[in-house]
Amino acid sequence: MTIADDLDIKPVSERVDLVVAWSSGPSTWATPDSASTPGTFAAAMLVLAGAAASATALIVAIALDAGPRPFRSRVLLVVLTVLCAGVMASCTLSALRWAPGVGRPRGIAFVRITATVVFACIWIATVPVEYSPTAWALGMFIGGEGALIARFVGYERPMRQMVITYLRSPFHLGALTAGLVVVFVARDPRVSRVVITEAISLEFIALGALVTYAAVRQLFRREASFAASVRLAEREAESLRRAHWIHDDVCADVREIRVRLAARQLSQEEVANSLDQLDDRLRIRQLDELLSGGAVAAAEILQPYVRRAQNAGVTLAQVPRFEDASVSLSGPPAVLLRRCIAGFVANALQAGTQTLSIHLARDHDDLLLEVTDDAGGFELADAPDGRGLSSLAKDLGSGRLSATRHDGGTTMTARIALGRAA
Amino acid sequence: MTRLLLLDDAAVVNDLFATLLRDSLQIDVIPMASVGELEHALDRGDRFDFAVVDLSFPEERRTGMDALFAIYSADPSTVLAVITQGDSFVAQLLRDLWELLPIATVISKSAPIAFQIDQVRQLVATGSAPIDPSVQPLLPAERAEWRSLQRFSHLVPHIGHAKLWEALLHAPEDVSYRDIVAATGLTLNTVKNYRAQLLPELLNHGLDDPSLREMRAFAGRCAPIFSGLIAESYRRSRAKAAT
């Protein structure tokens with residue numbers, strides 16, 4: 001039972017629903033994640049190739065037409081052909097975000113259907129019988145778009161069902177029947193020629209569409225299968241790493257605390273400190289996993305170090321605003337931010353600060369981190385070479401790390417370039 | 001005596017923390033370990049002056065949103081607070097709660113115990129407390145006017161939108177248009193149109209041209225709010241059909 005069953009809703013057949021969906025084009029249904037996969041890109045290239053090939057075939061047919069058509073008419077037909085092919089292909093370009101999507105679905109459907117009908121009419125009027133099989137290229141366009149849209153909306157139809165549906169469809173049977181009737185009634189060789197061209201073209205369009213649809217669906221299945229196997233391999237490797245770390249580090253630390261407790265070597269305060277240190281290491285490890293997984297908000301990078309200061313009894317006088325800390329980072333900028341905050345907080349704690357202020361701000365293409373303590377003055381030049389701050393200064397770049405003394409404390413400033421390549 | 005609800009599925013730690021709070025603050029602290037237990041209590045007529053609620057209840061497949069919304073619906077005068085690890089897993093849910101409900105403070109479970117007790121002390125004494133510094137950067141300083149509980153009704157203006165959200169609430173994680181069509185009986189284009197109509201209002205909730213999957217995740221986070229609005233929409237539709 002569907003949600004609509006208890007309200008008066010007329011059901012629409014799935015076939016009609018899919019045809020209406022197809023008419024509004026892939027850009028209507030594509031979403032940023034579904035449109036950005038390699039499989040979608042390959043399918044879209046097939047669609048564009050089909051549109052280009054069918055337009056080329058038609059233009060060649062117009063140019064080589066031996067009939068008495070004036071030159072101006074031929075130019076007009078060529079221009080119409082290019083326009084129609086462009087309109088037909090534009091939805092695929094929009095789906096790939098290579099062209100802006102314009103108009104509402106209903107308007108897009110109207111324009112697409114009009115362009116397709118005009119294209120078909122030019123084809124029937126121009127293409128000779130012996131040239132009709134080149135219509136398979138148009139089939140490639142239709143089949144590729146159909147497969148793209150089916151993927152975006154989540155419909156799966158077996159090939160056998162598609163073939164039977166097409167053969168039995170009113171469109172196919174009606175077109176063939178109408179053609180036969182016209183041939184028998186008209187008994188005119190020219191009319192017969194047009195009808196035979198239309199019939200052969202239709203069958204080759206269908207053949208091209210079904211073959212392309214099947215090929216693209218197979219491509220999507222293999223892409224999904226490959227992606228799933230890669231994800232599985234990554235998950236297994238990550239689980240193994242995590243298991244090793246839990247076994248070697250976490251369990252070892254917990255055991256040490258238990259053994260020392262049993263040997264009465266730890267006071268309550270020392271146990272609390274040991275647990276705080278374990279908590280800190282777990283959070284750093286959690287941050288490692290976040291950073292290796294992709295983009296992370298700056299707030300999440302700063303969080304373990306804010307906690308570290310809090311646990312050390314330091315008062316956090318200021319922390320970054322949400323608007324500044326919600327910037328998403330990955331790669332070198334994320335790693336540099338982490339190194340900066342880790343180093344600044346560690347140095348401030350070591351120097352005995354009672355208060356910390358952490359400020360984060362976006363400054364054009366840079367992220368500015370400022371950490372102010374009240375632990376006395378500090379000179380950057382005093383930092384030993386090759387370690388800690390000295391190495392950080394080198395990695396940030398010249399002039400991007402500074403220490404400013406003020407009454408009773410120091411402000412460490414780091415300027416991190418956001419556009420750094422991985 | 002002041003009644004403070006402490007709701008956290010880590011029952012042992014929760015009971016211990018409740019004891020610490022009772023001893024420190026001399027107030028009546030009622031620990032509970034599940035959203036179900038809370039709902040029974042609210043149905044019995046229990047009410048609280050303060051509620052400190054965790055965000056994650058994985059065994060019940062519920063969240064702090066379910067609990068806090070139930071408390072707020074039962075008695076809007078209850079002062080609400082969140083207690084959380086505050087990590088990335090719950091960051092978006094925390095932000096949603098902060099913007100949609102009158103959350104007075106956020107306590108970090110990882111802060112020193114004395115700091116946490118002090119936050120609760122301030123909360124009980126004044127009705128609010130500074131947010132824990134490690135969690136503060138996750139929350140905007142000012143709550144957006146355009147993102148409120150009252151404005152949520154703009155996301156369910158019509159029975160068709162109610163059907164869409166209801167289908168999303170029950171949809172699988174990799175939801176497709178086909179799943180929505182199968183659940184609602186609507187056509188593909190109708191579902192698409194309903195989604196398109198919601199896009200301007202979804203932008204107020206930080207969702208820029210969201211996929212169905214993102215809409216499903218949003219619906220899941222705000223499930224108790226949507227459930228009420230969907231039920232109301234169906235009720236209005238049936239009442240209209242009856243007349």
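Predicted model, so just to flag it, every value in this text is computed and none were measured. Every chain is numbered from 1, with letters handed out A, B, ... down the list of sequences.
If you measure heavy-atom distances from R95(B) to chain A, the contacts under 4.5 Å come from the side chain alone. Of the atoms belonging to S108(B), it is side-chain heavy atoms, and not backbone ones, that fall under 4.5 Å from chain A. Only the side chain of Q286(A) comes within contact range of chain B, with heavy atoms under 4.5 Å apart. Heavy atoms closer than 4.5 Å to chain B are found in the side chain of E323(A), but not in its backbone. The parts of L188(B) that come within reach of chain A are both its backbone and its side chain, each placing non-hydrogen atoms under 4.5 angstrom from that chain. For E214(B), no part sits under 4.5 Å from any heavy atom of chain A, backbone or side chain.
Contacts with chain A were tallied for A91(B), S176(B), P140(B); P140(B) has the most, counting heavy-atom pairs under 4.5 Å.
When each of T315(A), L316(A), V314(A) is tested with P133(B) by the rule side chain to side chain contact (heavy atoms under 4.5 Å, CB included), just one qualifies, namely L316(A).
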Requested in this report: Under the side-chain contact (heavy atoms from CB on, under 4.5 Å) rule, what do L138(B) and Q303(A) come out as? Steps first, then yes or no, please.
Outcome: CA-CA 10 Å; L138(B) 299 176; Q303(A) 199 177 60; 3.8 Å; yes
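Using a distance-only test at 3.5 Å, with no hydrogens or angles considered, no donor-acceptor pair links the side chain of Q136(B) to the main chain of F322(A). Without hydrogens or angle criteria, Q310(A) side chain to A111(B) main chain gives no donor-acceptor distance under 3.5 Å.
Atoms OH and CZ, on Y177(B) and F152(A) in that order, are 11.0 Å from each other to the nearest 0.5 Å. Here the OG atom belonging to S23(A) is positioned 6.5 Å from the CG atom belonging to N189(B), to the nearest 0.5 angstrom.
Scanning both residues, S110(B) and N311(A), for their nearest heavy atoms gives O-OD1, 3.4 Å.
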